[in-house]
Protein chains: 2
Amino acid sequence: MAREGRSLVEDVAEDILAMITIDKKFSAGDKLPNENELAGKLQVSRTTLREAIRILIAHNVLEIQRGKGTYVKDNLDLNKAYGLKELSAFKPDIQDLYEMRLIFEPQSAYYAAKRATDKELERILYYGKLEEELIIKKEDRTEVEQAFHQAIAKATHNEFMNQLMPVLYQAINKGVPLSDTNEEMVRNTLNDHRMIMEFLAARDAEGAKTAMKLHIIHAMRGFGFVED
Amino acid sequence: MAREGRSLVEDVAEDILAMITIDKKFSAGDKLPNENELAGKLQVSRTTLREAIRILIAHNVLEIQRGKGTYVKDNLDLNKAYGLKELSAFKPDIQDLYEMRLIFEPQSAYYAAKRATDKELERILYYGKLEEELIIKKEDRTEVEQAFHQAIAKATHNEFMNQLMPVLYQAINKGVPLSDTNEEMVRNTLNDHRMIMEFLAARDAEGAKTAMKLHIIHAMRGFGFVED
(Lines give C-alpha, C1' and ligand atoms only; values in the text may rest on other atoms or scores of the structure.)
Protein backbone atom coordinates (compact mmCIF):
# COMPACT_ATOMS: atom_id res chain seq x y z
CA MET A 1 0.00 0.00 0.00
CA ALA A 2 2.15 2.87 1.21
CA ARG A 3 5.57 3.34 -0.34
CA GLU A 4 7.14 2.67 3.02
CA GLY A 5 5.47 -0.73 3.04
CA ARG A 6 7.78 -2.21 0.41
CA SER A 7 11.40 -3.21 0.68
CA LEU A 8 14.04 -2.31 -1.91
CA VAL A 9 14.07 -5.92 -3.08
CA GLU A 10 10.31 -5.84 -3.65
CA ASP A 11 10.62 -2.55 -5.52
CA VAL A 12 13.22 -4.11 -7.80
CA ALA A 13 11.01 -7.17 -8.33
CA GLU A 14 8.08 -4.88 -9.23
CA ASP A 15 10.36 -2.96 -11.56
CA ILE A 16 11.43 -6.08 -13.45
CA LEU A 17 7.79 -7.14 -13.58
CA ALA A 18 6.85 -3.78 -15.09
CA MET A 19 9.62 -4.17 -17.70
CA ILE A 20 7.73 -7.29 -18.78
CA THR A 21 4.09 -6.25 -18.36
CA ILE A 22 4.12 -2.50 -19.07
CA ASP A 23 7.29 -1.83 -21.08
CA LYS A 24 7.04 -5.14 -22.98
CA LYS A 25 10.85 -5.24 -23.02
CA PHE A 26 10.77 -8.98 -22.45
CA SER A 27 8.10 -11.39 -23.65
CA ALA A 28 7.11 -14.83 -22.40
CA GLY A 29 10.01 -17.18 -23.10
CA ASP A 30 12.63 -14.41 -23.40
CA LYS A 31 16.03 -14.63 -21.72
CA LEU A 32 16.91 -11.81 -19.28
CA PRO A 33 20.23 -9.97 -19.70
CA ASN A 34 23.06 -11.31 -17.52
CA GLU A 35 23.29 -10.32 -13.89
CA ASN A 36 25.94 -7.63 -14.29
CA GLU A 37 24.13 -5.89 -17.09
CA LEU A 38 20.72 -5.99 -15.41
CA ALA A 39 22.06 -4.90 -12.02
CA GLY A 40 23.80 -1.98 -13.74
CA LYS A 41 20.67 -1.01 -15.60
CA LEU A 42 18.55 -1.11 -12.45
CA GLN A 43 21.30 0.52 -10.42
CA VAL A 44 21.19 -2.04 -7.65
CA SER A 45 23.70 -4.47 -6.24
CA ARG A 46 23.85 -8.00 -7.64
CA THR A 47 22.75 -9.32 -4.25
CA THR A 48 19.56 -7.22 -4.38
CA LEU A 49 18.94 -8.24 -7.97
CA ARG A 50 19.34 -11.91 -7.12
CA GLU A 51 16.81 -11.63 -4.29
CA ALA A 52 14.34 -9.82 -6.54
CA ILE A 53 14.72 -12.54 -9.16
CA ARG A 54 14.14 -15.15 -6.48
CA ILE A 55 10.81 -13.46 -5.61
CA LEU A 56 9.77 -13.49 -9.26
CA ILE A 57 10.71 -17.14 -9.57
CA ALA A 58 8.57 -17.91 -6.53
CA HIS A 59 5.70 -16.03 -8.22
CA ASN A 60 6.10 -18.02 -11.44
CA VAL A 61 7.15 -15.01 -13.51
CA LEU A 62 10.74 -16.10 -14.12
CA GLU A 63 12.53 -19.44 -14.21
CA ILE A 64 16.15 -20.50 -14.25
CA GLN A 65 17.16 -22.85 -17.00
CA ARG A 66 20.23 -24.68 -15.72
CA GLY A 67 23.40 -23.59 -17.45
CA LYS A 68 21.51 -21.22 -19.76
CA GLY A 69 20.28 -18.28 -17.68
CA THR A 70 17.12 -16.63 -16.34
CA TYR A 71 14.00 -16.66 -18.54
CA VAL A 72 10.54 -15.15 -18.49
CA LYS A 73 8.16 -18.08 -18.05
CA ASP A 74 6.85 -19.45 -21.31
CA ASN A 75 3.21 -19.50 -20.27
CA LEU A 76 3.03 -16.07 -18.60
CA ASP A 77 -0.20 -14.32 -19.55
CA LEU A 78 0.91 -10.83 -20.55
CA ASN A 79 -2.58 -9.51 -21.12
CA LYS A 80 -3.04 -9.05 -17.42
CA ALA A 81 -1.62 -6.27 -15.30
CA TYR A 82 0.20 -8.15 -12.62
CA GLY A 83 1.49 -6.84 -9.38
CA LEU A 84 3.24 -9.00 -6.86
CA LYS A 85 0.16 -9.09 -4.69
CA GLU A 86 -1.94 -10.30 -7.58
CA LEU A 87 0.55 -13.01 -8.35
CA SER A 88 0.21 -14.42 -4.88
CA ALA A 89 -3.36 -15.51 -5.59
CA PHE A 90 -4.72 -11.94 -5.56
CA LYS A 91 -6.06 -11.60 -2.10
CA PRO A 92 -6.87 -7.93 -2.35
CA ASP A 93 -6.14 -5.86 0.63
CA ILE A 94 -9.31 -4.72 2.39
CA GLN A 95 -7.93 -1.17 2.39
CA ASP A 96 -7.51 -1.37 -1.41
CA LEU A 97 -11.17 -2.31 -1.70
CA TYR A 98 -12.37 0.48 0.56
CA GLU A 99 -10.28 3.02 -1.34
CA MET A 100 -12.02 1.75 -4.45
CA ARG A 101 -15.42 2.14 -2.77
CA LEU A 102 -14.44 5.66 -1.72
CA ILE A 103 -13.66 6.55 -5.33
CA PHE A 104 -16.56 4.81 -6.88
CA GLU A 105 -19.65 4.90 -4.72
CA PRO A 106 -20.05 8.63 -4.01
CA GLN A 107 -20.18 9.30 -7.75
CA SER A 108 -22.50 6.35 -8.17
CA ALA A 109 -24.89 7.98 -5.70
CA TYR A 110 -24.55 11.23 -7.64
CA TYR A 111 -25.61 9.66 -10.92
CA ALA A 112 -28.33 7.62 -9.24
CA ALA A 113 -29.88 10.80 -7.80
CA LYS A 114 -30.00 12.25 -11.30
CA ARG A 115 -30.98 9.22 -13.33
CA ALA A 116 -32.97 6.74 -11.25
CA THR A 117 -36.45 5.96 -12.49
CA ASP A 118 -39.13 6.22 -9.83
CA LYS A 119 -39.20 2.43 -9.57
CA GLU A 120 -35.44 2.30 -9.10
CA LEU A 121 -35.63 4.96 -6.42
CA GLU A 122 -38.36 2.99 -4.64
CA ARG A 123 -36.16 -0.10 -4.67
CA ILE A 124 -33.19 1.81 -3.21
CA LEU A 125 -35.32 3.24 -0.42
CA TYR A 126 -36.94 -0.12 0.28
CA TYR A 127 -33.54 -1.75 0.90
CA GLY A 128 -32.27 1.25 2.79
CA LYS A 129 -35.15 1.05 5.24
CA LEU A 130 -34.88 -2.73 5.53
CA GLU A 131 -31.21 -2.32 6.35
CA GLU A 132 -31.97 0.24 9.05
CA GLU A 133 -34.27 -2.26 10.73
CA LEU A 134 -31.63 -4.98 10.62
CA ILE A 135 -29.00 -2.66 12.07
CA ILE A 136 -31.29 -1.72 14.95
CA LYS A 137 -32.13 -5.38 15.58
CA LYS A 138 -28.42 -6.23 15.26
CA GLU A 139 -29.18 -8.91 12.67
CA ASP A 140 -26.96 -9.88 9.73
CA ARG A 141 -27.37 -7.32 6.98
CA THR A 142 -24.70 -8.46 4.49
CA GLU A 143 -27.18 -9.34 1.75
CA VAL A 144 -29.46 -6.36 2.25
CA GLU A 145 -26.48 -3.99 2.32
CA GLN A 146 -25.30 -5.41 -0.99
CA ALA A 147 -28.80 -5.11 -2.50
CA PHE A 148 -28.95 -1.47 -1.35
CA HIS A 149 -25.65 -0.55 -3.00
CA GLN A 150 -26.37 -2.68 -6.07
CA ALA A 151 -29.72 -0.93 -6.52
CA ILE A 152 -27.87 2.41 -6.45
CA ALA A 153 -25.31 1.17 -9.01
CA LYS A 154 -28.09 -0.02 -11.28
CA ALA A 155 -29.83 3.35 -11.06
CA THR A 156 -26.73 5.08 -12.46
CA HIS A 157 -27.73 3.57 -15.83
CA ASN A 158 -24.00 3.07 -16.36
CA GLU A 159 -23.46 -0.55 -17.27
CA PHE A 160 -19.81 -0.57 -16.28
CA MET A 161 -20.66 0.60 -12.76
CA ASN A 162 -23.49 -1.91 -12.53
CA GLN A 163 -21.02 -4.67 -13.43
CA LEU A 164 -18.23 -3.46 -11.19
CA MET A 165 -20.27 -3.28 -7.99
CA PRO A 166 -20.78 -7.03 -7.42
CA VAL A 167 -17.09 -7.70 -8.18
CA LEU A 168 -16.15 -5.22 -5.48
CA TYR A 169 -18.66 -6.58 -2.97
CA GLN A 170 -17.77 -10.21 -3.54
CA ALA A 171 -14.14 -9.33 -2.81
CA ILE A 172 -15.15 -7.39 0.30
CA ASN A 173 -17.46 -10.12 1.59
CA LYS A 174 -14.67 -12.65 1.27
CA GLY A 175 -12.47 -10.47 3.44
CA VAL A 176 -14.36 -8.87 6.26
CA PRO A 177 -17.80 -9.11 7.84
CA LEU A 178 -19.77 -5.90 8.18
CA SER A 179 -19.17 -4.88 11.69
CA ASP A 180 -20.65 -2.13 13.76
CA THR A 181 -18.46 -2.94 16.67
CA ASN A 182 -19.70 -0.25 18.96
CA GLU A 183 -22.62 2.09 19.57
CA GLU A 184 -20.87 5.00 17.90
CA MET A 185 -20.46 3.03 14.66
CA VAL A 186 -24.10 1.93 14.78
CA ARG A 187 -25.18 5.54 15.21
CA ASN A 188 -22.96 6.72 12.36
CA THR A 189 -24.14 4.01 10.01
CA LEU A 190 -27.79 4.72 10.71
CA ASN A 191 -27.26 8.44 10.35
CA ASP A 192 -25.31 8.13 7.09
CA HIS A 193 -27.86 5.77 5.57
CA ARG A 194 -30.70 8.06 6.48
CA MET A 195 -28.94 11.01 4.83
CA ILE A 196 -28.13 9.04 1.68
CA MET A 197 -31.79 8.06 1.37
CA GLU A 198 -33.09 11.56 2.02
CA PHE A 199 -30.80 13.13 -0.58
CA LEU A 200 -31.61 10.44 -3.14
CA ALA A 201 -35.35 10.85 -2.51
CA ALA A 202 -34.92 14.61 -3.05
CA ARG A 203 -32.84 13.85 -6.17
CA ASP A 204 -30.08 16.00 -4.69
CA ALA A 205 -26.99 14.65 -6.48
CA GLU A 206 -24.29 16.61 -4.60
CA GLY A 207 -25.94 15.79 -1.29
CA ALA A 208 -26.21 12.07 -2.07
CA LYS A 209 -22.58 12.00 -3.20
CA THR A 210 -21.32 13.72 -0.04
CA ALA A 211 -23.39 11.58 2.32
CA MET A 212 -22.14 8.42 0.60
CA LYS A 213 -18.57 9.62 0.90
CA LEU A 214 -19.07 10.24 4.61
CA HIS A 215 -20.56 6.76 4.98
CA ILE A 216 -17.48 5.11 3.47
CA ILE A 217 -15.06 7.32 5.42
CA HIS A 218 -16.84 6.27 8.62
CA ALA A 219 -16.44 2.60 7.65
CA MET A 220 -12.75 3.13 6.84
CA ARG A 221 -12.11 4.85 10.15
CA GLY A 222 -13.92 1.95 11.81
CA PHE A 223 -11.28 -0.34 10.31
CA GLY A 224 -8.59 2.04 11.49
CA PHE A 225 -7.54 3.09 7.99
CA VAL A 226 -5.90 6.46 7.63
CA GLU A 227 -5.03 8.31 4.46
CA ASP A 228 -1.49 8.09 3.24
CA MET B 1 -27.65 6.42 -19.95
CA ALA B 2 -29.92 9.32 -19.11
CA ARG B 3 -33.33 8.53 -17.67
CA GLU B 4 -34.90 10.05 -20.75
CA GLY B 5 -33.03 7.54 -22.87
CA ARG B 6 -35.25 4.63 -21.85
CA SER B 7 -38.80 3.87 -22.78
CA LEU B 8 -41.47 2.85 -20.28
CA VAL B 9 -41.32 -0.69 -21.67
CA GLU B 10 -37.56 -0.85 -21.07
CA ASP B 11 -38.04 0.50 -17.56
CA VAL B 12 -40.55 -2.24 -16.85
CA ALA B 13 -38.20 -4.86 -18.30
CA GLU B 14 -35.38 -3.55 -16.09
CA ASP B 15 -37.76 -3.62 -13.15
CA ILE B 16 -38.67 -7.28 -13.68
CA LEU B 17 -34.98 -8.05 -14.14
CA ALA B 18 -34.21 -6.35 -10.82
CA MET B 19 -36.95 -8.42 -9.12
CA ILE B 20 -34.91 -11.44 -10.20
CA THR B 21 -31.32 -10.23 -9.77
CA ILE B 22 -31.52 -7.77 -6.87
CA ASP B 23 -34.71 -8.66 -4.97
CA LYS B 24 -34.29 -12.41 -5.57
CA LYS B 25 -38.08 -12.65 -5.68
CA PHE B 26 -37.86 -15.18 -8.48
CA SER B 27 -35.08 -17.70 -9.01
CA ALA B 28 -33.92 -19.53 -12.12
CA GLY B 29 -36.71 -21.89 -13.16
CA ASP B 30 -39.48 -20.05 -11.24
CA LYS B 31 -42.86 -19.26 -12.77
CA LEU B 32 -43.86 -15.60 -12.89
CA PRO B 33 -47.27 -14.55 -11.51
CA ASN B 34 -50.03 -14.32 -14.12
CA GLU B 35 -50.31 -11.27 -16.34
CA ASN B 36 -53.07 -9.53 -14.39
CA GLU B 37 -51.34 -9.89 -11.08
CA LEU B 38 -47.94 -8.79 -12.34
CA ALA B 39 -49.33 -5.84 -14.33
CA GLY B 40 -51.21 -4.75 -11.19
CA LYS B 41 -48.12 -5.07 -9.04
CA LEU B 42 -45.99 -3.08 -11.49
CA GLN B 43 -48.82 -0.60 -12.09
CA VAL B 44 -48.59 -0.84 -15.87
CA SER B 45 -50.99 -1.92 -18.58
CA ARG B 46 -50.99 -5.54 -19.74
CA THR B 47 -49.80 -4.37 -23.17
CA THR B 48 -46.73 -2.72 -21.65
CA LEU B 49 -46.06 -5.77 -19.48
CA ARG B 50 -46.29 -8.09 -22.48
CA GLU B 51 -43.78 -6.00 -24.43
CA ALA B 52 -41.40 -5.92 -21.47
CA ILE B 53 -41.66 -9.71 -21.16
CA ARG B 54 -40.96 -10.01 -24.87
CA ILE B 55 -37.70 -8.03 -24.39
CA LEU B 56 -36.66 -10.31 -21.54
CA ILE B 57 -37.43 -13.38 -23.63
CA ALA B 58 -35.27 -11.97 -26.42
CA HIS B 59 -32.49 -11.48 -23.84
CA ASN B 60 -32.79 -15.08 -22.59
CA VAL B 61 -33.97 -14.08 -19.13
CA LEU B 62 -37.51 -15.44 -19.45
CA GLU B 63 -39.12 -18.15 -21.52
CA ILE B 64 -42.70 -19.12 -22.25
CA GLN B 65 -43.61 -22.72 -21.62
CA ARG B 66 -46.58 -23.43 -23.84
CA GLY B 67 -49.82 -23.82 -21.90
CA LYS B 68 -48.03 -23.34 -18.58
CA GLY B 69 -46.92 -19.71 -18.32
CA THR B 70 -43.85 -17.49 -18.23
CA TYR B 71 -40.75 -18.78 -16.45
CA VAL B 72 -37.35 -17.47 -15.44
CA LYS B 73 -34.85 -19.38 -17.55
CA ASP B 74 -33.45 -22.43 -15.85
CA ASN B 75 -29.82 -21.67 -16.59
CA LEU B 76 -29.81 -17.96 -15.73
CA ASP B 77 -26.65 -17.08 -13.79
CA LEU B 78 -27.92 -15.07 -10.86
CA ASN B 79 -24.50 -14.24 -9.51
CA LYS B 80 -24.07 -11.53 -12.07
CA ALA B 81 -25.61 -8.08 -12.02
CA TYR B 82 -27.38 -7.95 -15.32
CA GLY B 83 -28.72 -4.93 -17.04
CA LEU B 84 -30.41 -5.07 -20.39
CA LYS B 85 -27.33 -3.65 -22.07
CA GLU B 86 -25.15 -6.31 -20.53
CA LEU B 87 -27.50 -9.02 -21.71
CA SER B 88 -27.13 -7.90 -25.28
CA ALA B 89 -23.50 -9.04 -25.35
CA PHE B 90 -22.38 -6.13 -23.14
CA LYS B 91 -21.04 -3.64 -25.57
CA PRO B 92 -20.51 -0.90 -23.04
CA ASP B 93 -21.40 2.56 -24.03
CA ILE B 94 -18.32 4.70 -24.61
CA GLN B 95 -19.85 7.39 -22.39
CA ASP B 96 -20.21 4.80 -19.59
CA LEU B 97 -16.50 4.06 -19.90
CA TYR B 98 -15.48 7.70 -19.85
CA GLU B 99 -17.66 8.36 -16.82
CA MET B 100 -15.81 5.51 -15.17
CA ARG B 101 -12.46 7.02 -16.17
CA LEU B 102 -13.61 10.35 -14.73
CA ILE B 103 -14.36 8.73 -11.40
CA PHE B 104 -11.37 6.52 -11.27
CA GLU B 105 -8.32 8.11 -12.84
CA PRO B 106 -8.09 11.45 -11.02
CA GLN B 107 -7.95 9.58 -7.71
CA SER B 108 -5.48 7.15 -9.24
CA ALA B 109 -3.22 10.10 -10.07
CA TYR B 110 -3.68 11.35 -6.50
CA TYR B 111 -2.49 8.09 -4.95
CA ALA B 112 0.30 7.73 -7.51
CA ALA B 113 1.67 11.16 -6.58
CA LYS B 114 1.78 10.07 -2.95
CA ARG B 115 2.94 6.49 -3.30
CA ALA B 116 5.02 5.99 -6.45
CA THR B 117 8.54 4.75 -5.93
CA ASP B 118 11.17 6.76 -7.79
CA LYS B 119 11.39 4.01 -10.41
CA GLU B 120 7.63 4.04 -10.90
CA LEU B 121 7.64 7.80 -11.28
CA GLU B 122 10.44 7.54 -13.85
CA ARG B 123 8.37 5.03 -15.82
CA ILE B 124 5.30 7.29 -15.79
CA LEU B 125 7.32 10.29 -17.00
CA TYR B 126 9.05 8.21 -19.65
CA TYR B 127 5.73 7.19 -21.21
CA GLY B 128 4.29 10.65 -20.78
CA LYS B 129 7.15 12.19 -22.76
CA LEU B 130 7.03 9.45 -25.38
CA GLU B 131 3.33 10.11 -25.82
CA GLU B 132 3.93 13.85 -26.24
CA GLU B 133 6.31 13.10 -29.11
CA LEU B 134 3.81 10.80 -30.80
CA ILE B 135 1.03 13.38 -30.47
CA ILE B 136 3.22 16.05 -32.06
CA LYS B 137 4.23 13.66 -34.86
CA LYS B 138 0.58 12.64 -35.21
CA GLU B 139 1.46 8.97 -34.89
CA ASP B 140 -0.63 6.25 -33.28
CA ARG B 141 -0.28 6.47 -29.52
CA THR B 142 -2.86 3.91 -28.37
CA GLU B 143 -0.30 1.60 -26.77
CA VAL B 144 1.85 4.31 -25.22
CA GLU B 145 -1.24 6.04 -23.81
CA GLN B 146 -2.29 2.80 -22.20
CA ALA B 147 1.22 2.23 -20.79
CA PHE B 148 1.17 5.78 -19.35
CA HIS B 149 -2.12 5.27 -17.56
CA GLN B 150 -1.25 1.72 -16.52
CA ALA B 151 2.01 2.95 -15.02
CA ILE B 152 0.01 5.47 -12.97
CA ALA B 153 -2.44 2.77 -11.83
CA LYS B 154 0.44 0.52 -10.79
CA ALA B 155 2.01 3.36 -8.80
CA THR B 156 -1.14 3.64 -6.66
CA HIS B 157 -0.01 0.39 -5.01
CA ASN B 158 -3.69 -0.49 -4.96
CA GLU B 159 -4.05 -3.89 -6.56
CA PHE B 160 -7.73 -3.45 -7.39
CA MET B 161 -6.99 -0.27 -9.37
CA ASN B 162 -4.05 -1.93 -11.08
CA GLN B 163 -6.37 -4.74 -12.17
CA LEU B 164 -9.25 -2.53 -13.18
CA MET B 165 -7.29 -0.26 -15.51
CA PRO B 166 -6.61 -2.76 -18.32
CA VAL B 167 -10.23 -3.93 -18.22
CA LEU B 168 -11.35 -0.35 -18.76
CA TYR B 169 -8.82 0.33 -21.51
CA GLN B 170 -9.52 -2.88 -23.37
CA ALA B 171 -13.19 -1.92 -23.46
CA ILE B 172 -12.35 1.61 -24.62
CA ASN B 173 -9.93 0.43 -27.31
CA LYS B 174 -12.60 -1.85 -28.72
CA GLY B 175 -14.91 1.10 -29.06
CA VAL B 176 -13.14 4.23 -30.17
CA PRO B 177 -9.72 5.20 -31.46
CA LEU B 178 -7.93 7.98 -29.64
CA SER B 179 -8.63 10.99 -31.71
CA ASP B 180 -7.35 14.48 -31.53
CA THR B 181 -9.53 15.61 -34.35
CA ASN B 182 -8.45 19.21 -34.38
CA GLU B 183 -5.66 21.52 -33.31
CA GLU B 184 -7.51 22.63 -30.20
CA MET B 185 -7.75 19.04 -28.97
CA VAL B 186 -4.08 18.43 -29.70
CA ARG B 187 -3.18 21.54 -27.73
CA ASN B 188 -5.40 20.53 -24.80
CA THR B 189 -4.05 17.00 -24.71
CA LEU B 190 -0.44 18.16 -24.73
CA ASN B 191 -1.15 20.77 -22.11
CA ASP B 192 -3.02 18.36 -19.82
CA HIS B 193 -0.34 15.71 -20.12
CA ARG B 194 2.38 18.19 -19.31
CA MET B 195 0.50 19.31 -16.19
CA ILE B 196 -0.15 15.75 -15.03
CA MET B 197 3.54 14.97 -15.36
CA GLU B 198 4.67 18.14 -13.60
CA PHE B 199 2.37 17.59 -10.66
CA LEU B 200 3.35 13.93 -10.38
CA ALA B 201 7.04 14.83 -10.52
CA ALA B 202 6.44 17.35 -7.74
CA ARG B 203 4.46 14.69 -5.85
CA ASP B 204 1.58 17.14 -5.66
CA ALA B 205 -1.39 14.83 -5.19
CA GLU B 206 -4.22 17.39 -5.42
CA GLY B 207 -2.61 18.96 -8.49
CA ALA B 208 -2.16 15.61 -10.25
CA LYS B 209 -5.75 14.68 -9.46
CA THR B 210 -7.15 17.95 -10.82
CA ALA B 211 -5.02 17.90 -13.98
CA MET B 212 -6.09 14.30 -14.69
CA LYS B 213 -9.73 15.27 -14.20
CA LEU B 214 -9.32 18.12 -16.65
CA HIS B 215 -7.68 15.74 -19.13
CA ILE B 216 -10.64 13.37 -19.07
CA ILE B 217 -13.19 16.20 -19.19
CA HIS B 218 -11.42 17.49 -22.31
CA ALA B 219 -11.64 14.04 -23.91
CA MET B 220 -15.34 13.77 -23.00
CA ARG B 221 -16.10 17.17 -24.47
CA GLY B 222 -14.21 16.06 -27.57
CA PHE B 223 -16.71 13.22 -27.90
CA GLY B 224 -19.53 15.70 -27.34
CA PHE B 225 -20.56 14.22 -23.99
CA VAL B 226 -22.31 16.52 -21.59
CA GLU B 227 -23.23 15.90 -17.97
CA ASP B 228 -26.73 14.80 -17.21
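What's counted below: heavy atoms across the whole structure, side chains too, no hydrogens, waters or symmetry copies. Nothing here was measured: the structure is a model prediction, and the numbers come from that model. Sequence lines set the chain letters: A, B, ... in the order given, protein chains first and strands last, and positions in each chain run from 1.
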Honestly, the part of B/Leu168 sitting under 4.5 Å from a heavy atom of chain A is both
Scored by heavy-atom pairs under 4.5 Å with chain A, the best of B/Lys119, B/Gln43, B/Gln146 is B/Lys119
Those residues at least two apart in sequence (or on a different chain) that pass salt bridge (Lys or Arg N to Asp or Glu O under 4.0 Å) with A/Asp204 are none
Parallel, tilted or perpendicular: rings of B/His193 and B/His215 (30°, 60°): perpendicular
Enumerate donor-acceptor pairs with a distance under 3.5 Å from any side-chain N or O in residues 205-214 of chain A to protein atoms, sequence neighbours excluded.
from, atom 1, to, atom 2, distance (Å)
A/Lys209, NZ, A/Gln107, OE1, 3.0
A/Thr210, OG1, A/Glu206, O, 2.7

If one checks every heavy atom of B/Tyr127 against chain A at 4.5 Å, the contacting part turns out to be side chain
Counting heavy-atom pairs under 4.5 Å with chain B, the top scorer among A/Arg123, A/Met161, A/Met100 is A/Arg123
Taken to the nearest 0.5 Å, the spacing of A/Ile103 CD1 from B/Ile103 CD1 works out to 9.5 Å
